[in-house]
Number of protein chains: 2
Amino acid sequence: MVKTNPNFMNGVPELLVLRLLSEREMYGYELVKEIRAVTKESLGFGEGCIYPILHSLEEDGVLASRRRQVNGRSRYYYRLTAAGAPRLEKLAAEWERVRRGIVLAMGGMRERFAGV
Amino acid sequence: MVKTNPNFMNGVPELLVLRLLSEREMYGYELVKEIRAVTKESLGFGEGCIYPILHSLEEDGVLASRRRQVNGRSRYYYRLTAAGAPRLEKLAAEWERVRRGIVLAMGGMRERFAGV
DNA sequence: TTGACATACCTCATAGTTAAAGGTATAAGC
DNA sequence: GCTTATACCTTTAACTATGAGGTATGTCAA
């Protein structure tokens with residue numbers, strides 16, 4: 001098994017942010033709402049979670065931002081840099097490893113527990 | 001979306017412990033090794049993670065233990081109590097919600113990123 | 001014109017979990 | 001006698017998401 005973070009399951013918000021920004025540039029407030037929308041309310045992260053991620057990823061050079069005025073509102077749009085794609089692939093691969101591990105361990109759950 | 005823990009993604013070790021103990025009673029050291037085995041080394045949790053879980057779940061009445069001497073070795077075997085099954089179902093349902101959310105958000109990843 | 005609400009940015013303290021490393025003791029194999 | 005595996009345990013530290021807070025602008029209705 002591969003070591004990742006002190007708490008190995010964390011980093012999902014970062015994964016989703018990178019994934020969404022791989023489609024098109026977005027601003028923080030938009031990401032917060034979009035994550036709720038695309039996951040059909042299954043997942044949702046507050047601004048106190050998303051903004052720090054955007055800032056630290058930009059500091060790492062994974063994201064770049066530009067300021068835009070839209071309808072008199074100031075927004076910071078973020079996009080993936082060249083370093084963003086490999087980072088996204090790495091996180092996605094880690095997620096897939098975790099997912100597979102849990103599926104293996106949970107195998108046969110439905111047959112025994114009808115409610116699940 | 002449903003609120004769970006301060007860090008919503010945690011609790012996977014507990015889920016796997018409950019799942020394995022729903023099959024048969026096991027002792028701590030055995031659980032540590034079994035989790036690695038059944039997940040094919042995809043996941044692994046140290047004793048510093050598993051033992052506190054066993055203790056707190058027993059305190060909550062979700063698990064019960066009995067001491068056994070096997071080959072001159074003292075082992076504490078844990079099994080699910082009546083309160084264990086619903087707890088397992090609840091955690092499994094939460095995991096399924098998270099999994100579905102991520103699948104939705106990641107949709108179409110493979111088509112765009114060949115390496116994943 | 002005042003108030004409420006949505007947008008859009010941000011920070012901080014807290015809670016909770018896992019990783020990593022340490023410790024004790026017994027049994028088995030060389 | 002030494003090492004390795006078993007089997008239990010604890011503690012420290014790192015990290016992350018939550019929840020609550022703050023600022024400021026724009027829109028709309030009363």
Side-chain angles (χ1 to χ4, degrees), chain A residues 1-17 25-37 39 42-60 63 65-78 91 94-95 98 101-102, chain B residues 1-17 25-37 43-60 63 65-78 91 94-95 98 101-102:
Chain A
M1 109 167 226
V2 187
K3 287 288 154 40
T4 55
N5 284 328
N7 194 336
F8 82 114
M9 279 296 281
N10 294 338
V12 170
E14 181 179 324
L15 171 62
L16 299 194
V17 163
E25 68 173 5
M26 299 176 77
Y27 54 98
Y29 193 76
E30 184 183 12
L31 277 164
V32 170
K33 300 213 165 300
E34 186 71 4
I35 287 177
R36 288 186 196 276
T39 65
S42 293
L43 299 178
F45 304 100
E47 302 168 43
C49 174
I50 298 302
Y51 282 117
I53 286 175
L54 292 173
H55 300 158
S56 77
L57 286 181
E58 182 171 27
E59 201 171 351
D60 290 354
L63 299 182
S65 68
R66 63 179 178 125
R67 188 176 196 166
R68 284 179 63 190
Q69 297 287 338
V70 181
N71 297 338
R73 296 204 172 276
S74 178
R75 295 172 177 168
Y76 288 96
Y77 280 85
Y78 291 87
L91 275 184
E94 268 174 30
W95 160 253
V98 170
I102 297 181
Chain B
M1 106 171 229
V2 187
K3 286 288 154 41
T4 57
N5 285 326
N7 193 337
F8 82 112
M9 283 293 285
N10 295 336
V12 170
E14 180 179 325
L15 171 62
L16 299 194
V17 163
E25 67 174 6
M26 298 175 77
Y27 53 99
Y29 192 75
E30 184 183 12
L31 277 163
V32 170
K33 299 214 166 301
E34 186 71 3
I35 287 176
R36 288 185 196 276
L43 298 177
F45 304 101
E47 302 169 42
C49 175
I50 297 302
Y51 281 118
I53 286 174
L54 292 174
H55 300 157
S56 78
L57 286 181
E58 182 171 27
E59 202 172 350
D60 290 356
L63 299 182
S65 68
R66 63 179 178 126
R67 189 175 195 167
R68 283 179 64 192
Q69 297 287 336
V70 180
N71 297 338
R73 296 205 170 277
S74 178
R75 295 174 179 168
Y76 288 95
Y77 281 84
Y78 291 87
L91 276 183
E94 268 174 30
W95 160 253
V98 169
I102 297 181

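Note that this is a predicted model, so its numbers are computed, not measured. Just so it is clear: chains get the letters A, B, ... in the order the sequence lines come, proteins before strands, and each one is counted from 1.
Protein atom OH of Y29(B) is 14 Å distant from nucleotide atom P of dC9(D), rounded to whole Å. As rounded to whole Å, 15 Å separates atom C1' of dT6(D) from atom CZ of R36(B). Protein atom CG of L15(A) is 11 Å distant from nucleotide atom P of dA17(D), rounded to whole Å.
When distances are taken from the side chain of R75(A) to each of dA8(C), dA19(C), dC9(C), the shortest belongs to dA8(C). Considering only side-chain atoms of Y27(A), the nucleotide from dC8(D), dA17(D), dA8(C) that sits closest is dA8(C). For K33(A), whose side chain is taken as the heavy atoms from C-beta onward, the closest listed nucleotide among dT7(C), dT18(C), dT6(D) is dT7(C).
Take E47(B) and apply the salt bridge (charged side-chain N to carboxylate O under 4.0 Å, His left out) test, not counting sequence neighbours, and it matches no residue. Legend: residues meeting ring pair (Phe, Tyr, Trp, His ring centres under 6.0 Å) with Y77(A), ordered by chain and number and at least two apart, are Y27(A). For E25(A), the salt bridge (charged side-chain N to carboxylate O under 4.0 Å, His left out) partners two or more places apart in sequence, or in a different chain, are R66(A), R68(A). Take S74(A) and apply the side-chain contact (heavy atoms from CB on, under 4.5 Å) test, not counting sequence neighbours, and it matches R67(A), Q69(A). For S65(B), the side chain to side chain donor-acceptor pair (under 3.5 Å) test picks out E58(B), with sequence neighbours left out.
Residues from residues 67-74 of chain A placing a heavy atom under 4.0 Å of any atom in DNA chain D, listed by number, are G72(A), R73(A). Contacts with DNA chain C (heavy atom under 4.0 Å) in residues 47-55 of chain A: E47(A), G48(A), Y51(A), H55(A), listed by number.
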All N/O pairs under 3.5 Å across the protein-nucleotides 1-4 of chain C interface:
none

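In terms of position on DNA chain C, the residue among Y78(A) and V12(B) whose nearest nucleotide sits closer to the 5' end is Y78(A).
To the nearest 0.5 Å, atom CD1 of residue I102(B) and atom CG of residue L16(A) are 6.0 Å apart. The CG atom of L31(A) lies 6.0 Å from the CG atom of L54(A); values are rounded to the nearest 0.5 Å.
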